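Below, read A as the first sequence line, B as the second, and so on, with proteins coming before strands; counting in each chain starts at 1. For clarity, every value in this text was computed on a predicted model and none was experimentally measured.
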Amino acid sequence: MALAGLYIHIPFCSVACHYCDFHFSTSLHSIDALVECIAEEMFLQKNYLPSPEIETVYLGGGTPSLLKKHHMDVLFNAIHKNFKLLPQAEITLEANPDDITKEKLSLWKNYDINRLSIGVQSFHDDELKYLNRIHTSKQNYQSVGMAQDAGFQNISIDLIYGIPLEKNHNKLQQSLRSALELNVQHISAYCLTIEPDTVFGRWLHSGKISAADDTFQAEQFVLIQNTLLQQHYEQYEISNYAKPHYISKHNSNYWLDRPYLGVGPSAHSYNLHSRQYNIANNELYIRQVKQHIIPAQIELCTNTSKYNDYILTRLRTKWGIDANEITKKFGIHFELINKKKIEEFMSEKMISFDENVYRLTKEGMLIADHITRAFFIV
Amino acid sequence: MEHIRNFCIIAHIDHGKSTLADRLLEFTKTINQRQMQDQVLDDMELEKERGITIKSHAIQMDYTYEGKKYVLNLIDTPGHVDFSYEVSRSIAACEGALLLVDASQGIQAQTISNLYLALENNLEIIPVLNKIDLPGAMPEEVKDQMVDLLGCDRNGIIAASGKEGIGIDLILEAIIKRIPPPKGDKNAPLQALIFDSVFNSFRGIEVIFRCYNGVIRKGDKVKFVATGKEYIADEVGILRLNKEPREMVEAGDVGYLISGIKSAKEVKVGDTITHVANPCEKAIKGFAEVKPMVFAGVYPVDTSEFEDLRDAMEKLQLNDAALVWEVETSMALGYGFRCGFLGMLHLEIVQERLEREFNQTVITTVPSVQFWVFDTKGNKHIVNAPSEMPDPSKIDHVEEPFIKAQIITKSEFIGPIMKLCMDKRGILKNQTYLTAERVEMNFEMPLSEMVFDFFDKLKSISRGYASLDYELIGYRESNMVKLDILLNGDRVDALSAIVHRDRAYEWGKKLCEKLKELIPRQQFEIAIQAAIGSKIIARETISALRKDVLAKCYGGDISRKRKLLEKQKKGKKRMRQVGNVEIPQEAFMAVLKIE
């Protein structure tokens, strides 16, 4: 039986970042009611997963680090009441550097949180300001240090690259050096993407900022890749690097076709047969849960959609595409239907073939979407 | 016969013709409230939405006035410049016309040109000022315009509102009192004018005619003079809300004829119907073959849908005699059709009807006009498509069709309109003030310059206060060249155009720029070049796509990313490939969007 993950979405932030299009609200007045409803939703959805055993918990957002003790009590009581949390479970909490204090750290320890994902983003104050982050580079060092002092041994930091403030890569190189000095176990590096429904999206539309230069972004991607691989981080997914044994189990579940339940507004769930999307509106979410309605829309998976999901997730990860597994799972002969494309990508050295598995090469990762589309069935 | 009145309504688009027609039908109880459907005369869905009548019809009403019963035939006229010939035939079937002018907008170019047609045919004109209920109505000012134009008595202008039903009784009274009854001899040989036809998928084409002389009876053996074809009149009758079969239709009246005709091509508007046994001496004058003026390639979006598209084109042609086509092949687009249209609106209508009625989305290539190319040996070549253009070394000279364009606008827009027309190689012939603020401008210009975005530009620079009418005046010599587009060295035939040499450089440059916007970046560099013969005159480069990977696949929201990539792949499937370059459909229409 595949073990499952539990995702809890905390849709509140004190300030909106200019690039973020996740669901959140900067008005905190309904936080108590919403946390109560998330606990209630866990009860409503307790039978969604194939088994009540939970291997990973992930508190994401939004900003879960702004939750107070009474919120954490409500959430963790509900987890324990409705699910069976395995003893070695990976429990991650996303935190902003400015929220991290000794008190918060010891609070989190009390709930057996054993992994922190800290939203460092950059080690340059001008870049942080440009992104509308409310912490400083100094707080980055301090917060990670405090977490390590408090005994957290599995820390991940987020970095954003492709920030168009300068034409050269000096700032990114410095940020990478700083990140390495912190000696964290896991680094996620995301390219700055302008989403339509964000401040940056509106600025792009109005011409205040211009679209990113993809050569610049590609160079930065390669710079990060080379630097981190040299320092013995493994690139187990296009945007994720981990020291041995520290890959994120929770996120890997998403990419390995394992079930997960997402609770809270806008959270997504998957139980091997269907995908479910919670309503992305705090007030409506509260109203529905209070009426004991599961606030979700369901979409059934088809064989083709599952095949496409497989191609998409496997190509992006170190696990790669196993043609035999595809035949077994979906009855589709991957090599047969993609013969020409496989040959083409192999000869261009965009994909490699090793121990029966096709994987993206370092060059191939830069055009992952192109290769994914080529293998998709539509 | 003295109790028959045949009339039409001359009006600009949106001046309320259809609404007024509805009121007349209601008032004469030709239709009742239950049957009332807004704008009943426009029975094609498309027409209803556009609010313009594309194909003319006729409808008969009974009206009792001062104790006498009258038969009123309302002949509907198409309302767009592309259909001026059909309008002229409808007008020829009438003795009178209501000149309908919107009280808030005043007289427009098209109204004037149709009015001239009516005056040429000696029609009695009844001026009607419509939409007087509108808050923006300027009745006195517009009445001044009408008096100036018609030289009519100011008191003879009827103030009306089709929407509110104001003035309908006065209009009916004027129709009876002012329009003369038809003249004709029912004992003379049959002479009837075909002014319209309607496609009926069960019974074949319904021919709509006006009988000038003689009588047409059910079962008669009849002949169409221009086509020379003979038919048995299976059914004749009059047109009310529905067709009403009759034993006969007599001189002076308007009716329909069904004789199992399958193709609209056999029924030519303007043709004369007579008896085989006792034919009339002369055909009714004014017949002309309708000739296409604008040509474009029409291709299925998906190459595998060619047969479906052919099927749709064949069906469409059954009730659109003006549409002509033949099969054409393109390196870039595969199998398709080279089509001839009456004008740009006709092209748009065909495109929309293919989409709505036949579910066929199509790619339309650069519209072109018919060029006459004379080679060095003195032979004339008809060129309807850039691909038909002979090698430049063999060309002596090229002639292109010119039109006379009549534009009516507010005087404040004279400057910009003058500039637009000059930019389109137009020559101002004269300019007349209709009133202190309204001016009529007459230009001569190449038709090829009109087929691109002339209407849209005219509308935008005049903020909608300009109306246009045009007619072909003949062919003139012009220095035309074929401009090709190359992508990474491969010529894209569907993007070639025939343009004036003086404009070729600018045209090529702009087209390259537009294509740069529309063609997505690919994994390699793409050179876009414009060329005349082997000479490259413009170039743009699309840089190679260095990065095609989205950052996040996160938060469990895998399907959003999957759907995005699926959608992109579907879009790619619809693209056409020339060499190794993938071209989206919009790129083939790019020429139309050039500034």
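Inter-residue side-chain proximity for A:Tyr270 and B:Ser559 is flagged as unmet; no heavy-atom pair is nearer than 4.5 Å.
With B:Lys569 contributing its side chain and A:Phe376 its backbone, the two residues share a donor-acceptor pair below 3.5 Å. Between the side chain of B:Lys547 and the backbone N or O of A:Asp214, no donor-acceptor pair lies under 3.5 Å.
Other residues, nucleotides and ligands contribute only 12 or fewer heavy atoms inside 6.0 Å of the NZ atom of B:Lys419. For OH of B:Tyr505, the number of neighbouring non-hydrogen atoms (other residues, nucleotides, ligands) closer than 6.0 Å is 12 at most. Within 6.0 Å of CE in B:Met331 there are 12 or fewer heavy atoms belonging to other residues, nucleotides or ligands.
Contacts of A:Ile367 with chain B are made by both backbone and side-chain atoms, with heavy-atom separations under 4.5 Å. Interface residue A:Tyr161: only side-chain heavy atoms are found under 4.5 Å from chain B.
The pair A:Asp213-B:Arg546 fails the salt-bridge criterion, with no side-chain N (NZ, NE, NH1 or NH2) lying under 4.0 Å from an Asp/Glu carboxylate O. Residues A:Asp21 and B:Arg560 are paired through a salt bridge, judged by an N-O separation under 4.0 Å between the basic side chain and the carboxylate.
Nearest heavy atom pair, residue B:Ile558 against residue A:Tyr260, reads CD1-OH, 4.2 Å. Shortest non-hydrogen contact noted between B:Val549 and A:Leu366 is CG1-O, 3.5 Å.
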